[in-house]
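Read through the structure below, which is laid out as structure tokens, and then see the notes.
In each ligand, atom 1 is the first atom listed, and ligand 1 is the first ligand listed.
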Amino acid sequence: MPDPSLRLAVLASGRGSNLQAIIDAIEAGTLSARIAVVISNKAEAQALERARTHGAPAVFLDPKATAPGREAYDAAILEHLRKHDVGLVALAGYMKIVTRVLLDAYPNRVMNIHPSLLPSFPGLAAQQQALDWGAKVSGCTVHFVEEGVDTGPIIRQATVPVLEGETAASLEARILAEEHRIYPEAIQLFAEGRLTVEGRRVRIT
Ligand code: GRF
């Protein structure tokens, strides 16, 4: 098999089901990338286990072990990204805010997935927010990361209807299935060099 050129880092804090979807797409041959490294700020993150099972380097980077402040933490992340020659960073359930230190080193090369149709319902508990608002449709968004929380240029979105009698858990599960579909697709578009950022818009060629 030819060595795929895109070397991907995934930053995750927990369960890592999106990481798993990315791994599955790589193993199925629908995503031409390789997992260069998975980094977590949580020692117990299931994402680290998933990385090891796939045979990828898994790094627990303890926030208490770096100098205080988000920038210092991102500088430590950057060292790992450089060491592993990373070309794209995918945040997948990563519960820390990324700073300029990382974004300046990886301009338009940091992606995130969020469980709502942005710009609606940014931040935590997006599925509950959609329910509480009475939205009839929600979904998920893959976007490039900029300094604001969940604000960057949108790459891909998928919609999910909000059903009668819906709970946050049932909505979350149906949105998650769409996340697992569109995140690997968005990364594949990047891998093929088909994403161009023009202001707020991402052109797909
Ligand atoms: C997903 O819903 C993702 O959109 C959000 O956090 C959750 C992470 O789930 N940013 P997992 O760790 O990928 O299973």
Side-chain angles (χ1 to χ4, degrees), residues 8-28 31 33 35 37-54 56 58-61 63 70 74 77 88-99 102-103 110-133 135 137-162 166-188 190:
L8 184 64
V10 178
L11 272 49
S13 301
R15 179 178 59 180
S17 71
N18 277 288
L19 166 65
Q20 191 62 53
I22 293 165
I23 289 173
D24 291 348
I26 290 172
E27 292 181 350
L31 173 55
I35 308 275
V37 64
V38 172
I39 303 173
S40 184
N41 60 322
K42 298 281 180 195
E44 68 283 2
Q46 199 189 337
L48 291 174
E49 207 42 57
R50 294 181 194 268
R52 288 186 200 106
T53 304
H54 176 63
V59 175
F60 162 53
L61 190 55
R70 287 186 193 139
D74 279 359
I77 287 194
L88 176 70
V89 180
L91 311 184
Y94 182 60
M95 302 305 283
K96 277 178 87 72
I97 292 174
V98 165
T99 68
L102 209 156
L103 297 174
V110 182
M111 281 187 191
N112 182 43
I113 180 121
H114 181 77
S116 76
L117 294 176
L118 291 171
S120 292
F121 315 127
L124 295 174
Q127 304 92 335
Q128 186 67 56
Q129 289 187 55
L131 268 188
D132 292 347
W133 196 259
V137 177
S138 192
C140 49
T141 304
V142 180
H143 62 94
F144 283 116
V145 175
E146 47 175 46
E147 257 180 306
V149 174
D150 303 325
T151 56
I154 292 169
I155 301 164
R156 221 143 167 20
Q157 292 184 303
T159 58
V160 171
V162 180
E166 191 89 85
T167 63
S170 63
L171 183 58
E172 179 181 340
R174 290 192 355 276
I175 290 176
L176 198 59
E178 291 301 301
E179 294 182 35
H180 295 165
R181 188 174 63 78
I182 68 169
Y183 210 3
E185 283 178 7
I187 295 168
Q188 178 63 18
F190 182 94

CZ (Arg156) and CD1 (Ile182) are apart, to the nearest 0.5 Å, by 7.0 Å
From Ile113 atom CD1 to Gln157 atom CD, the distance as rounded to the nearest 0.5 Å: 10.0 Å
Counting distance only, does the side-chain N/O of [X] pair as donor-acceptor with the main-chain N or O of [Y] below 3.5 Å?
{"X": "Gln46", "Y": "Ser17", "result": "no"}
{"X": "Ser13", "Y": "Met95", "result": "yes"}
{"X": "Gln129", "Y": "Pro122", "result": "yes"}
{"X": "Thr141", "Y": "Ser116", "result": "yes"}

Give every pair formed by an N or O atom of ligand 1 and a protein N or O atom closer than 3.5 Å, one pair per line with both atom names and the distance to 0.1 Å, or write none.
from, atom 1, to, atom 2, distance (Å)
ligand 1, 2 (O), Glu179, OE1, 3.2
ligand 1, 2 (O), Glu179, OE2, 3.0
ligand 1, 4 (O), Ile113, O, 3.4
ligand 1, 4 (O), Glu179, OE1, 2.7
ligand 1, 4 (O), Glu179, OE2, 3.3
ligand 1, 9 (O), Arg15, NH2, 3.1
ligand 1, 10 (N), Ile113, O, 3.1
ligand 1, 12 (O), Gly16, N, 2.8
ligand 1, 13 (O), Ser17, N, 3.3
ligand 1, 13 (O), Asn18, N, 2.9
ligand 1, 13 (O), Asn18, ND2, 3.0
ligand 1, 14 (O), Arg15, NE, 2.5
ligand 1, 14 (O), Arg15, NH2, 3.1
ligand 1, 14 (O), Ser17, N, 2.8
ligand 1, 14 (O), Ser17, OG, 2.5

